[in-house]
Amino acid sequence: MPDGSRKGARRPSRLWLLPAIPALLLLGGLALFAGQSRARPEAPLAYTDGIAVLTGGPQRVDAGLHLLASGRARWLIISGVGRDATLEELAQRAGLDPAPLSDRVTLGRAATSTRGNGLEVAEWARARQIGSLRVVTAAFHMPRALLELRRTLPEARLVSHPVQANGPRLGLLLREYGKLIGAMFGLSVLKPENPPS
């Protein structure tokens, strides 16, 4: 050939792009997820019919109780509470008087996973005809919590109220990102979770 190339020479293969594209998508998703883990609650705080706290850290429960006490909603469920926890203990730890809150707070004890939180919260919300729900959980946990709640309670308007954990470590973020991807593909149903009775 006049340009010095041989006729029929093979072009370099681009098959390496096949694994590279999903890897880039995963890395891009991780970067977006890490950014969301620094989210803060909206301002000013809008009123919602109910508040759902997904347990996993004391800051979450304290935030939910203070939101209820300050009139940001009528009802509150704390989903995934330990068997021995009482409202009196939780309220006192938050520096609140439990008496005015007692008939407005539900301690949900059935959930053992985020999917279980979704099932428990959905049943509670429908029983109270809740149309708008403020979701209180750690910022890094919020995407998966909203995903599971939208599956079980699609009729409600969900408002995220992320609580900042004390500097989530990289390992924690990576584990949560992996769980989020699994939940997106519906793998959370593989863990048995009985709906609350």
Side-chain angles (χ1 to χ4, degrees), residues 32-33 35-82 85-111 113-166 168 176 180 183-184 188 195-197:
L32 181 62
F33 175 76
Q36 289 178 335
S37 72
R38 297 186 188 97
R40 301 279 179 191
E42 62 177 13
L45 296 177
Y47 179 87
T48 55
D49 299 329
I51 301 166
V53 174
L54 280 59
T55 57
Q59 308 98 325
R60 306 178 193 187
V61 175
D62 291 359
L65 289 169
H66 279 281
L67 286 164
L68 184 70
S70 64
R72 299 297 179 184
R74 183 175 178 192
W75 307 104
L76 167 68
I77 181 171
I78 304 172
S79 176
V81 173
T86 65
L87 176 59
E88 289 73 21
E89 293 170 347
L90 298 174
Q92 287 170 3
R93 190 181 65 205
L96 296 169
D97 178 4
L101 308 175
S102 60
D103 61 344
R104 300 166 59 201
V105 176
T106 299
L107 299 183
R109 303 183 193 275
S113 68
T114 304
R115 178 172 169 266
N117 292 137
L119 295 168
E120 185 169 61
V121 169
E123 182 176 289
W124 170 86
R126 289 192 182 103
R128 288 159 184 77
Q129 299 181 325
I130 287 176
S132 59
L133 183 68
R134 181 174 298 279
V135 181
V136 180
T137 191
F140 67 85
H141 183 232
M142 187 63 73
R144 187 160 58 101
L146 292 177
L147 175 68
E148 296 292 1
L149 280 165
R150 285 188 180 115
R151 285 179 175 156
T152 56
L153 194 63
E155 67 272 24
R157 179 175 64 87
L158 303 179
V159 177
S160 68
H161 191 96
V163 175
Q164 286 298 327
N166 294 329
E176 184 60 31
L180 174 62
M184 289 170 71
S188 55
S197 55

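When reading the values below, keep in mind they use all heavy atoms of this one structure, side chains included, and skip hydrogens, waters and symmetry mates.
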*Is the shortest heavy-atom distance from the side chain of Met142 to the side chain of Leu146 under 4.5 Å?*
yes
*Taking all heavy atoms of Ser79 and all of Val121, pick out the closest pair and write down the distance.*
CB-CG2, 4.0 Å
*Kindly state each residue pair satisfying side-chain hydrogen bond (donor to acceptor under 3.5 Å, both in side chains) with at least one member in residues 90-104, sequence neighbours excluded.*
none
*Which heavy atom of Arg126 sits nearest a heavy atom of Thr152, and at what distance?*
NH2-O, 2.5 Å
*Donor-acceptor contact present, side-chain Ser160 to main-chain Pro162, <3.5 Å*: no
*Any donor-acceptor pair under 3.5 Å from Asn117 side chain to Leu54 backbone*: no
*Enclosure of Glu155 CD (heavy-atom neighbours >12, cutoff 6.0 Å)*: yes
*Do Thr55 and Ile78 touch side chain to side chain, with heavy atoms closer than 4.5 Å?*
yes
_Thr114-Glu148 side chain donor-acceptor pair, cut-off 3.5 Å_ = no
*Lys/Arg N to Asp/Glu carboxylate O, Glu120 vs Arg109, below 4.0 Å*: no
*asked:* Can you confirm whether Arg134 sits close enough to Glu42 that some side-chain heavy atom of one is under 4.5 Å from a side-chain heavy atom of the other?
replied: yes
_Flag, side chain of His66 to backbone of Ala94, donor-acceptor distance under 3.5 Å_ = yes
*Start with the C-alpha distance between Asp49 and Leu133, add both sets of side-chain angles, then the distance that settles side chain to side chain contact (heavy atoms under 4.5 Å, CB included), and finish with yes or no.*
CA-CA 6 Å; Asp49 299 329; Leu133 183 68; over 6 Å; no
*asked:* Using side-chain heavy atoms (C-beta onward) and a distance below 4.5 Å, is Trp124 in contact with Ile130?
replied: yes
*asked:* If I compare all heavy atoms of Phe140 with all of Arg60, which pair ends up nearest, and what's the gap?
replied: CZ-NH2, 4.3 Å
